[in-house]
Protein chains: 4
Amino acid sequence: MASLKLGMVGSGFMGKAHAMALHTAPVVFPLSAAVRCDLLADHSAASAQAGARRLGFSRSTGDWRELVADPAIDIVSVCAPNDLHYPIARAALLAGKHVFCEKPLALDVGESRELARLARSKGRVTLVGFNYVRNPVIGMAAELIARGELGAIHHVRATHVEDYLADPARSGGWRTRRATAGLGALGDLCHVLSLTQRLAGGIAEVCADMQTVIAQRPGADGSAQAVENEDQAHALVRFSSGAIGTIECSRIAWGRKNGLTIELSGSEGSLYFDQERQNELWLYRRPRGGGGGEGFQRVLLGPDQPDYAAFCPAPGHGLGFNDLKVIEVRDLVEAIAGGVPAWPDFAAAAAIDEVLAAMERSWRQGGWEVV
Amino acid sequence: MASLKLGMVGSGFMGKAHAMALHTAPVVFPLSAAVRCDLLADHSAASAQAGARRLGFSRSTGDWRELVADPAIDIVSVCAPNDLHYPIARAALLAGKHVFCEKPLALDVGESRELARLARSKGRVTLVGFNYVRNPVIGMAAELIARGELGAIHHVRATHVEDYLADPARSGGWRTRRATAGLGALGDLCHVLSLTQRLAGGIAEVCADMQTVIAQRPGADGSAQAVENEDQAHALVRFSSGAIGTIECSRIAWGRKNGLTIELSGSEGSLYFDQERQNELWLYRRPRGGGGGEGFQRVLLGPDQPDYAAFCPAPGHGLGFNDLKVIEVRDLVEAIAGGVPAWPDFAAAAAIDEVLAAMERSWRQGGWEVV
Amino acid sequence: MASLKLGMVGSGFMGKAHAMALHTAPVVFPLSAAVRCDLLADHSAASAQAGARRLGFSRSTGDWRELVADPAIDIVSVCAPNDLHYPIARAALLAGKHVFCEKPLALDVGESRELARLARSKGRVTLVGFNYVRNPVIGMAAELIARGELGAIHHVRATHVEDYLADPARSGGWRTRRATAGLGALGDLCHVLSLTQRLAGGIAEVCADMQTVIAQRPGADGSAQAVENEDQAHALVRFSSGAIGTIECSRIAWGRKNGLTIELSGSEGSLYFDQERQNELWLYRRPRGGGGGEGFQRVLLGPDQPDYAAFCPAPGHGLGFNDLKVIEVRDLVEAIAGGVPAWPDFAAAAAIDEVLAAMERSWRQGGWEVV
Amino acid sequence: MASLKLGMVGSGFMGKAHAMALHTAPVVFPLSAAVRCDLLADHSAASAQAGARRLGFSRSTGDWRELVADPAIDIVSVCAPNDLHYPIARAALLAGKHVFCEKPLALDVGESRELARLARSKGRVTLVGFNYVRNPVIGMAAELIARGELGAIHHVRATHVEDYLADPARSGGWRTRRATAGLGALGDLCHVLSLTQRLAGGIAEVCADMQTVIAQRPGADGSAQAVENEDQAHALVRFSSGAIGTIECSRIAWGRKNGLTIELSGSEGSLYFDQERQNELWLYRRPRGGGGGEGFQRVLLGPDQPDYAAFCPAPGHGLGFNDLKVIEVRDLVEAIAGGVPAWPDFAAAAAIDEVLAAMERSWRQGGWEVV
Ligand SMILES: NC(=O)C1=CN([C@@H]2O[C@H](COP(=O)(O)OP(=O)(O)OC[C@H]3O[C@@H](n4cnc5c(N)ncnc54)[C@H](O)[C@@H]3O)[C@@H](O)[C@H]2O)C=CC1
Ligand SMILES: NC(=O)C1=CN([C@@H]2O[C@H](COP(=O)(O)OP(=O)(O)OC[C@H]3O[C@@H](n4cnc5c(N)ncnc54)[C@H](O)[C@@H]3O)[C@@H](O)[C@H]2O)C=CC1
Ligand SMILES: NC(=O)C1=CN([C@@H]2O[C@H](COP(=O)(O)OP(=O)(O)OC[C@H]3O[C@@H](n4cnc5c(N)ncnc54)[C@H](O)[C@@H]3O)[C@@H](O)[C@H]2O)C=CC1
Ligand SMILES: NC(=O)C1=CN([C@@H]2O[C@H](COP(=O)(O)OP(=O)(O)OC[C@H]3O[C@@H](n4cnc5c(N)ncnc54)[C@H](O)[C@@H]3O)[C@@H](O)[C@H]2O)C=CC1
């Protein structure tokens, strides 16, 4: 069996999530190749060394350029802050590596387009961390829609609302500065857009609004620091299919912790999903014949759904956030060693960034924008 | 105690709801005046006579003009199809009656404005049937917000989604023709707007989209009939307060039966309401101090909330749709005989129609419109 | 159309509920007779007079014996405290009246048996206020079960948990004294038993446990008063059908306001109901064929279900607690004037009291008791 | 850092779950020792070899006796069918190994007692797979109760209802035979009892009922095979603390997939948990002061709760069933290498089996039994 060596940049929230998934995936799924957690890069040699020990990597470096240049490395996983995605992913592609990059792909759509072009010209596998599309109940939803069980989709309503910056006393860190984060709350909207893309296809036109509600936050030294990107944003959208809908994101919506929701209505039925209850899908099929007794069904995770049985043979036992990354790692490996196309790759992520860019244009110009 | 005589036009869904409420209200609430169900008008003398018997009215007529002109009548309740609201309400005001009119107030904003002006000049009490604003949990929500418990409101998301015309084999009747209904799904959005008005204040700007998804429906004779108004509509909105939000309505959203929902997020907390579970309000207050254990609370109806105790001394026993009309009748009577201002009166309903008109303009012109 | 005169004893929580229902029912349903709210009795002449005015009765009296003896009265509604049910109902039957009595029928099963016998010998209509069995979604449940859609019922779990006496600083009033209330929390279990009877048939054997948790409460004068009946009780039960189950009640279960729930599992499916969300029934039908996507359905109230359409032609609009009393009044009138058997009549209520009596024996003797 | 070698018996549902957890735990938690997946035993050499490859073990054997006797092995994980728990665990303890055994500990309480005694005399660490007690929201619940936030617990209602054998056409395999499974549905009740033990302490008395509803099932060869253990069981219980409650289990409750629920009511509040929504705890604190707006709170998982932050720094992101095993492995390792007492160890599991044994006696004798 082929063996691949992976180098990872960053050892924070996502670095740990990638590491867990990399260690677990081969036990969960039969994989077409082994992946070895080889080299970890972080912002300093010391933190890289500590991270490598914690996360089960063999080697470490304080300079990601070294990692990207290392000939032993086959795959680069990018778990650093947003502003490093572009330079790291670019360098990795130029060095001929496969790239597994956290979302958002880059700081702006120009960078994303360039990365997508580079990935294509280099013929390398790329994958972006839109983990929520891996949920087995989303997989089931996609299959139901593909089989026509909801008919033609007429309407989509999707949100990603959280409250991680609802408290004005909380520092924004790198997340509230343009130079390091690019987008604010919209940086999470790409999760929504990965779901709408999978379930309802592409968006053709948008009309957006957005706001920075909390203008200043305490910086690291306690002094007031300007917030440079949006706290909340939303848009009307028109899909290529003719469906219409609304999308929305917020980082200041008190009480919502991971409020990634999507509701679709079609000519034959509807469905509803909420990541805060990630183990269930709500499904309504229009009634046929009489008899009454029709309502939304709460369908729990189960072995009939894609990938679930690999985690658990019994229905309703529940997956967690990190399990979605395990499926993502499987998809990465199968794209590299098994010939299965990776999705969402850099091209797909760039397409998502086109929507975000159109939203920003729309907001500045105050009207509809073609994506 | 004063005694008022009421004449009602229409004896369908709403006619019956008004009649139930008129008979029940004096037992539920101490009222400043007695209201007698006196005269019922319907589209024919026969149906009016049958309706009067069923609904407990003393007299009947096949011509609403007779009712409006009858000097014995103090209050006219308008429960006829939308296209009759304007002529009946206008004639009633000109004849010096108080008017209790079902929503929407009129077929278009021009008519609504005229009715509002006339009501003011005549000094009569007017009330429009936005029953959902009467819900005790909405009353509690309004009080919480007024006391500042949610802080400054930043975001509003509200919907009214139903599936009563999701089946394309279903005839639209008067509801899908411009001449008789005016608006389509937007005709229900006024309920949403009455809630947003009560909880978040006025809307200053809108940007809307709308669609007729099912272009033809069977008419009464089975032949195909064009659908002349929208099946679904939604908009981005900006409130005068600075808050932003989305509003949405549909009559083809399979599975949603009375999906009138509203979620508000503010600087100190959030709330959520869904009319399909009309007896509960979801409330989140930002955590103070440590300790954890914070989440949305599901607050059931209870005697602490406005008006509930008049129906039931014990909490959580549940009100129904028709009970909201009972509260509405109480408010009507107290406006006439008790000196309490009626809300939403014709002026408030006209203001709501200004928003709908701006939505339609926005949709036609493809951009933001000032209300 | 026949006309019946009703006399009511009591004008508190239930007195008002009966009055609302009596005034509303003729507008909601076509009734086989008119019922006139004629005479109200209360504990004093003054309070009876005030009550009559509030609740729309023509006459009043401070002595229920007068009411029961009044030849004009056809129906006696008993809304007084529990200890008065037996003497009033007995006297009313002896005087040849139909009796509409609030639950529980009497203070103990001996009284209930006697009342049931008397009702039979007198040939009068009797009905007991088990309002929850009137819920359209319970009616739908009963129909589904009767049609075999859940197959043979194997298991039942039912509760009635509330917190109205969870606060030890709250006075128990007449409810915590044996002489006036008889049972404590078990006094509400009869609601549960009316549901199990309707949906799963009779109970043959019980094994119970019960407890008074809060031994003393402040009396009216603030001094400590012994609590003489149980705060919580539960039992294992065996149905005549062979099904087994648990039933439970509490008046000290913090957070539960009207926690009347029932879950039934059968060979073909399951259902679940919670009165706190009285407008929905949860239904699971075992999957047939492949395809996945099976879960509990949340079925909202709708016009296909018994009686709902009389309140509202549109589904999901919601009934309230008081609406169930309206249906109860309809059933009372139809039993008297329309020849439809009344259920649960005094015989049915006595059968329920046999279960409660067996529970008390079981608790005292510490083992199973045949009902 | 110490290094431990683990041998595992069985490679089915639980074998895989243990393997995933063993590979993931060191990345999630800082551990006091490394644990190496060394030797896998299964029912044949071939299946052991395949299992070892799939699950990341270095060596394999077709005979668990070899594994238990292997001097290199420090810890034996028992993931074989129930009838093998006793012989394997016994042999492993006699050979001086630490034992990590799946639930139920043994086929009957006699075996469990013996294993508990042996574990004590050998001074080895033992842990039984009651994974649900590891849930961070259960940890939070335990802390709240320990701090007195719910006051004295009065009542407990707990269930474990599933439908994995609701279909009579489904073969029971080893699970429906006494010799291989011992208990039927009660075999899952130990999960419930581990939760009640953790949150409400020990059970002193029980009164139980149970039933085999489906008497025969198809065997492997399609012929009818008698079902030898119970499909559903329930009991009244009395806790040592004075609280009372009901516990219940079923394997034929259509629609329930992992219906492990617990509701506790105390003098200061209540809580509710449902494993099907394992990422939330419902919490009610009695209201203090006025103001209204009190209801059950839906508290999502978050970093304030035990162990959650090791998986994810952001609240509400969700753990899955397998993550609970990761925490279990951490607890195992810390018991062996970190000096933290393991719970529930064999003594605790034997205490749970005493309750089950008392339930069986109670059922046979038809009354209350002291545990
Ligand atoms: N897929 C998902 O659901 C999520 C994705 N993300 C994405 O993951 C990325 C990382 O976010 P988090 O892990 O939350 O951030 P974090 O702040 O927890 O971790 C960032 C890591 O990058 C390292 N780093 C910073 N500068 C570096 C440099 N110059 N060279 C090497 N390493 C450097 C830091 O030392 C740290 O280990 C972001 O792009 C974010 O948008 C974050 C959370 C969830
Ligand atoms: N507040 C709320 O929640 C609701 C409000 N409505 C509103 O109530 C109004 C009536 O709707 P529904 O009761 O659902 O309609 P419906 O079709 O059930 O009843 C209409 C009634 O008007 C009568 N009518 C028709 N032409 C007439 C004429 N020329 N003269 C006198 N009577 C005439 C009909 O005979 C019928 O009795 C509409 O404007 C509708 O938008 C309807 C449903 C809910
Ligand atoms: N079906 C249901 O869901 C419910 C049934 N009930 C039952 O209804 C009955 C009444 O309970 P509530 O209305 O809650 O009590 P309440 O205390 O609110 O009202 C009792 C009424 O009886 C009157 N009364 C007391 N002594 C009297 C006398 N000697 N002669 C005439 N009237 C007298 C009182 O003045 C008062 O008007 C009880 O048996 C109770 O169990 C109560 C609540 C709900
Ligand atoms: N903690 C929990 O939530 C759960 C615990 N369990 C428990 O785990 C245990 C195993 O159950 P499952 O994994 O579901 O069963 P399973 O049937 O999926 O796996 C049993 C494994 O044991 C092996 N085995 C059978 N005979 C053997 C022998 N003589 N020598 C060596 N290996 C042998 C089989 O080949 C198979 O690999 C049971 O005791 C069960 O009660 C099961 C499911 C959930």
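Sequence lines set the chain letters: A, B, ... in the order given, protein chains first and strands last, and positions in each chain run from 1.
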Task: Residues in salt bridge (Lys or Arg N to Asp or Glu O under 4.0 Å) contact with B:K5, at least two apart in sequence or another chain - done: none
Open item on the list: Using only non-hydrogen atoms and a strict under-4.5 angstrom cutoff, which residues of residues 20-28 of chain C touch chain B?
Closed with: C:M20, C:H23, C:T24, C:P26, C:V27, C:V28
Open item on the list: Can you tell me which residue among C:R277, C:R298, C:E280 is in a side-chain contact (heavy atoms from CB on, under 4.5 Å) with B:E276?
Closed with: C:R298
Open item on the list: Taking side chain as everything from C-beta outward and backbone as N, CA, C, O, which of these in C:A34 sits under 4.5 Å from a heavy atom of chain B? Side chain, backbone, both or neither.
Closed with: neither
Open item on the list: Working to the nearest 0.5 angstrom, can you tell me the gap between B:K257 NZ and C:N279 CG?
Closed with: 14.0 Å
Task: chain C contact via B:F57 - which portion, at a heavy-atom distance below 4.5 Å - done: neither
Open item on the list: Which one wins on heavy-atom pair count under 4.5 Å against chain B: C:K16, C:H317, C:R53?
Closed with: C:H317
Open item on the list: Only pairs of heavy atoms separated by less than 4.5 Å count here; which of C:D163, C:L31, C:L319 has the most with chain B?
Closed with: C:L319
Open item on the list: Looking at C:R36, I'd like to know if its CZ atom is crowded, meaning that more than 12 non-hydrogen atoms belonging to other residues, nucleotides or ligands lie closer than 6.0 Å.
Closed with: no
Task: Interface residue of largest heavy-atom contact number with chain B, from C:A17, C:G56, C:P315, under 4.5 Å - done: C:P315
Open item on the list: Are C:R54 and B:F29 packed together at the side-chain level, in the sense that at least one heavy-atom pair is separated by less than 4.5 angstrom?
Closed with: no
Task: Interface moiety of B:F311 toward chain C, non-hydrogen atoms closer than 4.5 Å - done: both
Task: Pairwise distance CG(C:L300) to CG(B:N258) - rounded to 0.5 angstrom - done: 9.0 Å
